[in-house]
Amino acid sequence: IRGKVLAVAIEGKPFLTGGLHPDIPCCFTYKMTEISKAYEPQDVEEKWYQSWLEADCFKADTQSTKPAFSIVIPPPNVTGVLHLGHVLNNTMQDILCRLARMKGCEALWIPGTDHAGIATQTVVERQLRKEKKLRRRDIGREKFLEHVWEWKQKHGDIIIKQLKKLGCSCDWSRERFTMDEDYSRTVIQTFVDLYKEGLIYRGKRMVNWCPASLTALSDEEVIMKPQKGLLYFFKVEVAEEPGTFLTIATTRPETIPGDTAIAVNPKDPRYAHLIGKHALRPLPKELPAEQRKIPIVGDEHIDLEFGTGVLKVTPAHDKADFEIGQRHKLEVLEIMNPDGTLNEVAGADLAGMERFEARKRAVELLGELGAFVKEEPHENNVGFSERADVPIEPRLSEQWFLKYPKVKKSLDAVRDGDIKIHPERWEKVYGHWMENIQDWCISRQLWWGHRIPAWYRKDGSGEIYVGSEAPADADNWEQDSDVLDTWFSSWLWPFATMDEETKKKFYPTSVLSTGFDILFFWVARMIMAGYRFTGEKPFSHVIIHNLIRDAQGRKLSKSLGNSPDPLDLMARFGADGVRFGLMRIAPQGQDLRYDEKQIEEGRNFANKLWNAARFRQMQGPSNPQPDLSKHTLPMDSITVVAQFDSMYARLRKAYEEYRFSEAANVLYDFFWGDYCDWFLEASKPDMQGEDSAKRAAILETMDYVLSGFLRLLHPFMPHLTEELWERLGFHAPTHSEKHANFLMYAALPAEQSLPHLSDAEITDAVETTRELYEAAKAARNLRSEYKIASNKAVRFLLRPKPIWKTCDPAVFAALIKAETIECIEEAPSGTPSVVTQIGDLFLPLEGIVDLEAERQRLTGEILKVEAEILKAEAKLGSQTFVQNAPPAVVAEHRQRLENWITKRESLKNNLETLG
RNA sequence: GGGCGGUUAGCUCAGUGGUAGAGCGGCUCGUUUACACCGAGUUGGUCGGGGGUUCGAAUCCCUCAUCGCCCACCA
């Protein structure tokens with residue numbers, strides 16, 4: 001189209017009227033689409049995710065010559081559905097990956113899921129019981145596992161689909177599952193290697209037994225909870241001294257039949273003389289006294305202060321007692337079945353009873369025997385099974401254990417900064433755990449998992465075979481029925497997910513992002529596995545984020561019903577809105593309180609950006625690759641670009657420290673405040689103005705800032721920015737020729753936007769603009785004082801200072817909604833005024849002004865200013881300050897004082913003219 | 001019992017030595033052609049208490065209080 005464009009209409013409705021001057025010939029072709037006023041994310045997000053997938057944007061190339069950046073996803077449970085914690089964690093990872101691509105790295109993000117032994121098995125068992133009234137033992141191992149696999153096929157990719165909705169740029173072609181064939185082979189081989197090295201051994205030890213899941217658990221899977229219970233006191237007779245009784249305090253009277261000693265501290269004067277004698281255990285009562293006779297031993301570990309200072313020792317059912325038993329070679333008497341019921345050893349009265357029932361019964365029995373003394377309320381810590389949420393039972397059983405490899409190396413790696421944990425304080429926690437590390441019980445009495453590659457000879461010879469394949473004469477052997485702890489597979493995750501080629505390019509990985517709750521379960525173990533099996537660290541940086549809590553500070557949980565569904569949030573606010581909203585409040589090192597308001601803010605910001613882009617689009621086509629050096633930039637443009645640069649600098653710093661909320665806030669504040677509230681508002685008059693060069697310069701500025709901002713924001717809000725990038729038609733140097741059209745591969749903007757201007761020119765513009773904007777605020781304040789409607793244009797008078805000469809009156813007028821600004825030399829009498837750095841502003845409102853009120857307002861101002869002056873004078877009057885403070889600080893105070901004094905003079909002057 | 005972290009506006013939190021900040025909420029005004037998922041203005045704080053270092057402390061040190069978390073075999 002060549003000619004004069006007066007207006008543009010779409011379907012008969014005027015669309016582009018205000019933006020073009022009728023006398024300016026235009027030459028452009030412009031594909032116009034009507035843009036809706038509010039951003040509607042759903043279609044946009046779906047569309048772009050598909051486009052990225054179709055163009056293979058997430059696929060990492062092992063042959064690439066670009067520097068590598070890699071992350072492995074903390075594999076969510078295959079049973080899982082997305083919760084807010086996943087959203088937080090995976091958004092962070094996505095941001096880092098997308099940023100890396102824009103920095104010119106070859107980024108790989110490996111996704112996958114974890115088979116989650118107990119969790120998955122429990123879910124499937126429950127379903128089986130509900131739907132088919134079957135228990136797993138009814139159908140046998142093989143059939144049961146078929147059910148689990150079936151279930152996994154059906155539900156296993158739910159969480160993966162949800163991650164896609166969130167916009168995660170994982171390389172889905174490399175999705176892994178901890179029970180994949182390759183992966184399983186690695187797990188088994190690992191076991192075999194460690195066994196051969198002597199680090200894995202089998203032994204009968206005290207383990208944490210879960211009577212509900214019927215399996216052993218690692219120490220990490222046990223959660224200590226304070227419980228209100230009772231401390232029971234009962235007495236036992238000393239066998240050698242009939243009539244002498246010892247009173248014992250215990251929380252677990254039901255284990256009395258399992259007691260094989262009484263222990264006292266040898267330093268305890270009350271009891272020391274009894275050491276070596278015997279006591280008569282009251283239960284089971286049917287046993288003859290001779291069989292109830294147990295030794296009284298002396299042990300340093302007995303606390304003289306607690307209870308009566310006499311401890312009953314139950315080596316089979318208490319960890320500490322077991323150790324005392326070891327020290328004194330005590331008999332180990334098991335009185336409990338795996339499911340937590342008492343067995344016949346406990347005696348006829350208790351046999352078959354559930355453990356808590358048995359406790360009550362035992363107390364009754366003691367009473368009947370006259371051995372019961374008293375009970376007291378007592379609070380103690382009881383270990384609960386993390387999964388089943390029932391008290392665990394310390395139990396002696398035959399299990400497989402791992403002596404951790406490379407402990408020292410792993411400790412040093414973090415201590416020496418080879419692996420950095422963010423925030424740093426977690427390094428201490430890590431160090432503490434590593435220093436007190438205990439052998440890891442790795443066998444689980446479950447079916448769902450990697451079966452332990454150990455075979456026992458059927459002939460009872462006790463011969464054990466451990467290997468990655470079954471022994472040749474398999475018929476003579478029986479495989480161990482247990483499986484490995486899930487974490488025994490996940491600790492290999494960073495490298496077991498990679499083939500040789502991938503490892504060469506992408507291992508060690510760059511960053512690992514996870515919650516602090518699995519620092520020991522997973523992170524520490526991965527480090528040790530990394531050093532042991534690859535000879536290298538598995539990752540260089542660990543980002544630890546904290547828990548999301550609700551507005552009341554409670555943990556988010558299904559049972560409390562306070563756990564919002566991220567899919568619902570994404571449907572209502574858009575994935576980008578959820579991502580951004582959450583990132584803005586995701587500080588490190590502290591739990592974050594979630595409130596839907598914050599997600600709403602994310603959505604609002606998306607809408608703000610959408611409309612700012614829409615505003616630009618209405619002014620005509622944008623320059624795909626804006627170039628500021630071709631224009632004479634007005635002051636406001638220089639300022640906003642300088643603000644963009646300093647925002648970008650702060651953003652880089654925030655990224656360096658992995659401070660995502662800082663990064664999000666920096667982006668938010670610049671765009672909403674500097675760009676929209678000030679720059680866009682200031683530039684509006686020039687959009688309709690006569691000066692085409694100026695208009696072009698401003699449009700170029702908008703293009704420059706938008707193009708840069710979209711790139712910087714992209715990692716946080718990938719869909720929306722990609723959409724606007726296309727709509728505005730921007731181009732930038734790309735890091736992938738194949739994906740040149742995608743914002744997601746665009747190079748980041750230059751760090752210096754105005755290299756053609758001198759520092760002085762920039763500082764000058766920024767300073768002047770700041771004064772002008774400050775003055776605008778003061779003027780708006782004055783309008784508001786006099787209740788002038790914000791849409792009403794009024795006349796202002798200005799007694800200018802020299803700086804006014806460099807300001808654009810039209811801009812100022814627009815900012816303060818002035819009909820005219822008339823420059824004057826003398827303060828007019830009887831007129832409300834405000835004192836600013838660009839001059840004294842007067843608001844002539846004849847007849848409306850309450851002079852007395854205005855006088856009071858000005859007097860109040862003067863008082864405030866005088867207080868400031870006094871403060872400043874006191875400061876500068878202090879010799880110690882002037883002598884000791886840095887000269888720059890002193891100069892700053894001097895300048896401040898001068899400004900206050902000038903202001904006071906002006907105010908006084910204006911007050912006088914009121915009459 | 002050991003360790004770590006928090007305590008700043010009504011709420012959620014920034015702010016690591018130089019004039020106490022943001023968002024939300026509250027209140028007032030406004031539908032002006034980017035945006036009511038909006039704009040303008042305004043109201044909120046002796047920075048948990050006490051002591052110390054310093055010319056100067058929300059910021060560094062000590063101490064107390066309080067809340068939260070992690071670790072630990074007082075039965």
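Every value quoted in this text rests on a predicted model; they were computed, and no experiment measured them.
One C1' atom belongs to B:C29, the other to B:A22, and the distance between them is 23 Å to the nearest Å. Nucleotides B:C13 and B:G6 are separated by 13 Å at their P atoms, to the nearest Å. When the P atom is used for both B:C71 and B:U54, the distance is 42 Å, rounded to whole Å. Comparing the same atom, P, in B:G21 and in B:A34 gives a spacing of 32 Å after rounding to whole Å. A distance of about 46 Å separates the P atoms of B:A75 and B:G17, rounded to the whole Å. B:A9 sits 11 Å from B:G49 when the P atoms are compared, rounded to a whole Å. For the C1' atom pair drawn from B:U53 and B:C70, the interatomic distance equals 33 Å after rounding to whole Å. Across B:A58 and B:A20, the matching P atoms stand 8 Å from one another, rounded to whole Å.
Distance CD1 (A:Ile816) to C1' (B:G30): 17 Å, rounded to an integer number of Å. Atom CD of A:Glu681 and atom C1' of B:A40 are 10 Å apart (whole Å). Between the P atom of B:C13 and the CE atom of A:Met583 lies a distance of 16 Å, rounded to the nearest Å. Atom C1' of nucleotide B:C24 and atom OH of A:Tyr594 are separated by 15 Å, given to the nearest angstrom. Following rounding to the nearest Å, A:Asn380 (CG) and B:A72 (P) show an atom-to-atom distance of 16 Å. One interatomic measurement links the two molecules: CE of A:Met618 to C1' of B:U33, which rounds to 7 Å at whole-angstrom precision. Rounded to whole Å, the distance from CD on A:Gln326 to P on B:C73 is 16 Å. The CZ atom of A:Arg650 sits 16 Å away from the P atom of B:G21 (whole-angstrom rounding).
Distances shorter than 4.0 Å separate some side-chain N or O of A:Lys608 from OP1 or OP2 on B:G39. For the OP1/OP2 pair of B:G15 and a distance below 4.0 Å, the side-chain nitrogens and oxygens of A:Arg659 include at least one atom meeting the criterion. A close approach under 4.0 Å does occur between a side-chain nitrogen or oxygen of A:Trp672 and OP1 or OP2 of B:G39.
Side-chain N/O atoms of A:Lys684 and base N/O atoms of B:A34 include a donor-acceptor pair closer than 3.5 Å. Side-chain to base pairing of A:Glu601 with B:A22: no donor and acceptor N or O lie closer than 3.5 Å to each other. Judged by atom type and distance alone, A:Lys37 does not reach the base of B:C35 through any side-chain donor-acceptor pair under 3.5 Å.
Between A:Leu411 and A:Met434 there is a side-chain heavy-atom pair separated by less than 4.5 Å. With contacts defined as side-chain heavy-atom distances shorter than 4.5 Å, the pair A:Glu723/A:Trp610 qualifies. You'll find the side chain of A:Pro564 reaches within 4.5 Å of the side chain of A:Tyr594, heavy atoms only.
With distances taken from any side-chain atom of A:Asp677 to the nucleotides B:A34, B:A40, B:U12, the minimum falls on B:A40. Here the side chain of A:Asn604 is nearest to one of B:G15, B:C74, B:C37, namely B:C37. Side-chain proximity of A:Lys875 to the nucleotides B:A75, B:G18, B:U31 is greatest for B:G18. Side-chain proximity of A:Arg425 to B:A75, B:A34, B:G5: nearest is B:G5. Minimum atom distance to the side chain of A:Ala612 is reached by B:A34, of the listed B:G30, B:C37, B:A34. Of the candidates B:A72, B:C37, B:C73, the closest approach to any side-chain atom of A:Glu323 belongs to B:C73. For A:Lys787, the side-chain atoms get nearest to B:U28 when compared with the rest of B:A75, B:C37, B:U28. Counting only heavy atoms from C-beta on, A:Asn611 has its side chain closest to B:C35 among B:C73, B:A75, B:C35. Comparing atom distances between the A:Asn791 side chain and each of B:G30, B:A75, B:C73 picks out B:G30 as nearest.
The aromatic rings of A:Phe660 and A:Tyr658 sit tilted, their planes meeting at an angle between 30° and 60°.
Checked for salt-bridge contact, A:Asp259 and A:Lys312 meet the test: a charged N lies under 4.0 Å from a carboxylate O.
Across all strands shown, B:C4 forms a Watson-Crick or G-U wobble pair with B:G68, both key distances being under 3.5 Å. Base pairing analysis places B:C27 opposite B:G41; the two distances defining the Watson-Crick or G-U wobble pair are each below 3.5 Å. When both distances must be under 3.5 Å, the Watson-Crick or G-U wobble mate of B:U32 does not exist. Remark: B:G18 base-pairs with B:C55; criterion is Watson-Crick or G-U wobble with both hydrogen-bond distances under 3.5 Å.
Projected onto RNA chain B by closest heavy-atom contact, A:Arg252 and A:Ala789 fall at different nucleotides, the more 5' of which corresponds to A:Ala789. Along RNA chain B, the nucleotide nearest to A:Glu40 and the one nearest to A:Lys312 differ in position, and the one closer to the 5' end is contacted by A:Glu40.
Of the N and O atoms on the side chains of A:Asn265 and A:Asp299, not one donor lies less than 3.5 Å from an acceptor on the other residue. With hydrogens and angles left out, the side-chain atoms of A:Ser218 and A:Glu221 include a donor and acceptor closer than 3.5 Å. There is a side-chain donor-acceptor pair under 3.5 Å between A:Arg614 and A:Asn611. Looking only at atom types and distance, the side chain of A:Gln895 has a donor-acceptor partner in the side chain of A:Asn899 under 3.5 Å away. For A:Thr836 and A:Lys777, the side-chain atoms include no donor-acceptor pair closer than 3.5 Å.
Using a 4.0 Å heavy-atom distance criterion, A:Ile302 is classed as a base contact. Looking at heavy-atom distances under 4.0 Å, A:Gly673 makes no contact with the nucleic acid at all.
Glycosidic torsion of B:G15 falls outside 90° of 0, placing the base in anti.
A:Lys608 forms no cation-pi arrangement with A:Tyr668, by the criterion of a distance under 6.0 Å to the ring centre and an angle within 45° of the ring axis.
Contacts with RNA chain B (heavy atom under 4.0 Å) in residues 880-899 of chain A: A:Thr880, A:Phe881, A:Asn884, A:Ala885, A:Pro886, A:Val889, A:Arg896, listed by number. Listed by residue number, the members of residues 775-785 of chain A with any heavy atom below 4.0 angstrom from RNA chain B are A:Lys777, A:Arg780, A:Asn781, A:Ser784.
Side-chain N or O atoms of A:Glu45 include one that pairs as donor or acceptor with a backbone N or O of A:Ala575 at under 3.5 Å. No side-chain donor-acceptor contact under 3.5 Å links A:Asp321 to the backbone of A:Pro315.
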